[in-house]
Amino acid sequence: MTLGILYGVSVGPGDPELITLKGLKTLQACPVVAFPAGLQGRSGVAEGIITPHLLPEQISLPLKFPYVQKEEILEKAWEEAAAKVWPYLEKGVDVAFACEGDISFYSTFTYLAQTLKSNHPQLVINYIAGVSSPFAGASALGLPLTCQEEKLAILPALYCPEELEKALDWAEAVVLMKVRMVYEQVWEILAKRELLDQTWVLEKISTTEEKIYHPLSNYPQLSLSYFSLMLIKQNQNKIRKN
């Protein structure tokens, strides 16, 4: 029997209309749609994005991915998720995994796909690109993320202050993902470099709960959600000439 195909479908940062046409067609064409389960019985972000697009006959498959750093716990969760998806693929049924943002950008799907591919090398996996939060954030601000020769640095959630200092030394635009845990440390660095007025914090981008904080000189402390990022645009007020 021919195996089903696993599709990683990028669904954007929050607005259900930011999914691509290809992503939407793929999502609706698959009999089974998987997504990360929300915490404490609530809907997850990806689930909330795709719900308006799903068809009544499709099977919804929530998968648990814990928010921890311990490798053994994570690997167990990936194996358990793969074990829930594989029976459908084994029977020739296509499965779409809905991923918030872009499928290749710090995506939970990466671990599910790698686990399934390791266990079943013959499995075909297709990736559908989409809109990630840094680009949606720049659009929300009405700013170019980069232009001309400007350099861009994107740092994940586990960066340290030293990494931020180094990035600011060479990149005109810096994005900090999931900044809430180190916000006060970052604020001090930005204050020292006089960048508070050239920095924005965006929370729950493109959703009905979106919040934008600027200038950060007014916000030495912030209580932020998990889905928050910071965008630093050095020389933002500089007039560029061609």
Side-chain angles (χ1 to χ4, degrees), residues 1-39 42-67 74-137 139 154 156 177-178 204-207 226-227:
M1 181 180 292
T2 302
L3 294 178
I5 297 173
L6 176 64
Y7 292 90
V9 181
S10 306
V11 299
D15 183 346
E17 294 186 347
L18 285 180
I19 188 172
T20 66
L21 287 174
K22 185 171 185 178
L24 179 58
K25 289 178 181 178
T26 303
L27 189 72
Q28 293 180 331
C30 291
V32 178
V33 178
F35 46 82
L39 298 177
R42 297 190 298 268
S43 295
V45 175
E47 182 182 1
I49 294 170
I50 64 174
T51 294
H53 300 308
L54 295 182
L55 305 175
E57 62 270 23
Q58 289 180 289
I59 297 172
S60 295
L61 189 64
L63 304 175
K64 292 183 179 180
F65 296 96
Y67 292 90
L74 291 172
E75 289 182 357
K76 181 181 178 182
W78 301 336
E79 289 288 351
E80 290 176 350
K84 290 184 178 181
V85 173
W86 176 244
Y88 295 101
L89 298 169
E90 188 178 26
K91 294 176 183 177
V93 178
D94 292 342
V95 177
F97 182 92
C99 173
E100 181 198 2
D102 179 82
I103 206 74
S104 65
F105 188 69
Y106 300 119
S107 166
T108 302
F109 178 72
T110 299
Y111 310 108
L112 174 64
Q114 289 178 346
T115 301
L116 280 166
K117 193 69 173 178
S118 175
N119 294 341
H120 312 284
Q122 71 276 32
L123 177 65
V124 174
I125 304 175
N126 288 342
Y127 292 73
I128 311 297
V131 179
S132 60
S133 55
F135 308 108
S139 294
I154 300 178
M177 306 296 296
K178 299 178 177 65
K204 299 182 179 180
I205 296 166
S206 83
T207 73
Y226 179 80
F227 295 102

Where do [X] and [Y] come nearest, in terms of heavy atoms and distance?
X	Y	result
Lys84	Leu61	O-CD2, 3.8 Å
Pro13	Ile49	C-CD1, 4.0 Å
Ser104	Ser107	N-CB, 4.4 Å
Val9	Ile103	N-CD1, 3.7 Å
Ser10	Gly101	CB-O, 3.2 Å
Pro36	Ala98	CD-O, 3.5 Å

With respect to Val95, which candidate in Val33, Val32, Ile59 satisfies the side chain to side chain contact (heavy atoms under 4.5 Å, CB included) definition?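 Only one option passes, and that is Val32.
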
Mind checking the [atom1]-[atom2] spacing from [X] to [Y]? Nearest 0.5 Å is all I need.
X	Y	atom1	atom2	result
Gln122	Lys117	CD	NZ	8.0 Å
Ile128	Tyr7	CD1	OH	7.5 Å
Glu79	Leu116	CD	CG	8.5 Å
Trp86	Lys91	CH2	NZ	12.0 Å

Criterion ring pair (Phe, Tyr, Trp, His ring centres under 6.0 Å) on Phe109 and Tyr127, from CA distance to verdict: CA-CA 10 Å; Phe109 178 72; Tyr127 292 73; 5.4 Å; yes

Keeping the roles fixed (side chain from [X], backbone from [Y]), state whether a donor-acceptor pair exists under 3.5 Å.
X	Y	value
Ser206	Asp15	yes
Thr26	Lys22	yes
Asp94	Cys30	no
Gln58	Leu55	yes
Ser139	Phe135	yes

Heavy-atom check, side chain of [X] versus side chain of [Y], under 4.5 Å:
X	Y	value
Val124	Leu6	no
Leu27	Ile19	yes
Tyr88	Pro31	no

Can Phe227 and Met177 be said to form a side-chain contact (heavy atoms from CB on, under 4.5 Å), step by step? CA-CA 8 Å; Phe227 295 102; Met177 306 296 296; over 6 Å; no

Can Leu123 and Ile125 be said to form a side-chain contact (heavy atoms from CB on, under 4.5 Å), step by step? CA-CA 6 Å; Leu123 177 65; Ile125 304 175; 4.0 Å; yes

Once you measure the plane-to-plane angle for Trp78 and Tyr111, does it fall in the parallel (<30°), tilted (30-60°) or perpendicular (>60°) bin?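 Answer is parallel, since the angle falls under 30°.
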
Could you walk me through whether Gln28 and His53 pass side-chain contact (heavy atoms from CB on, under 4.5 Å), step by step? CA-CA 7 Å; Gln28 293 180 331; His53 300 308; 4.1 Å; yes

Apply side-chain contact (heavy atoms from CB on, under 4.5 Å) to residues Leu89 and Val85 and explain how you reach the verdict. CA-CA 7 Å; Leu89 298 169; Val85 173; 3.6 Å; yes

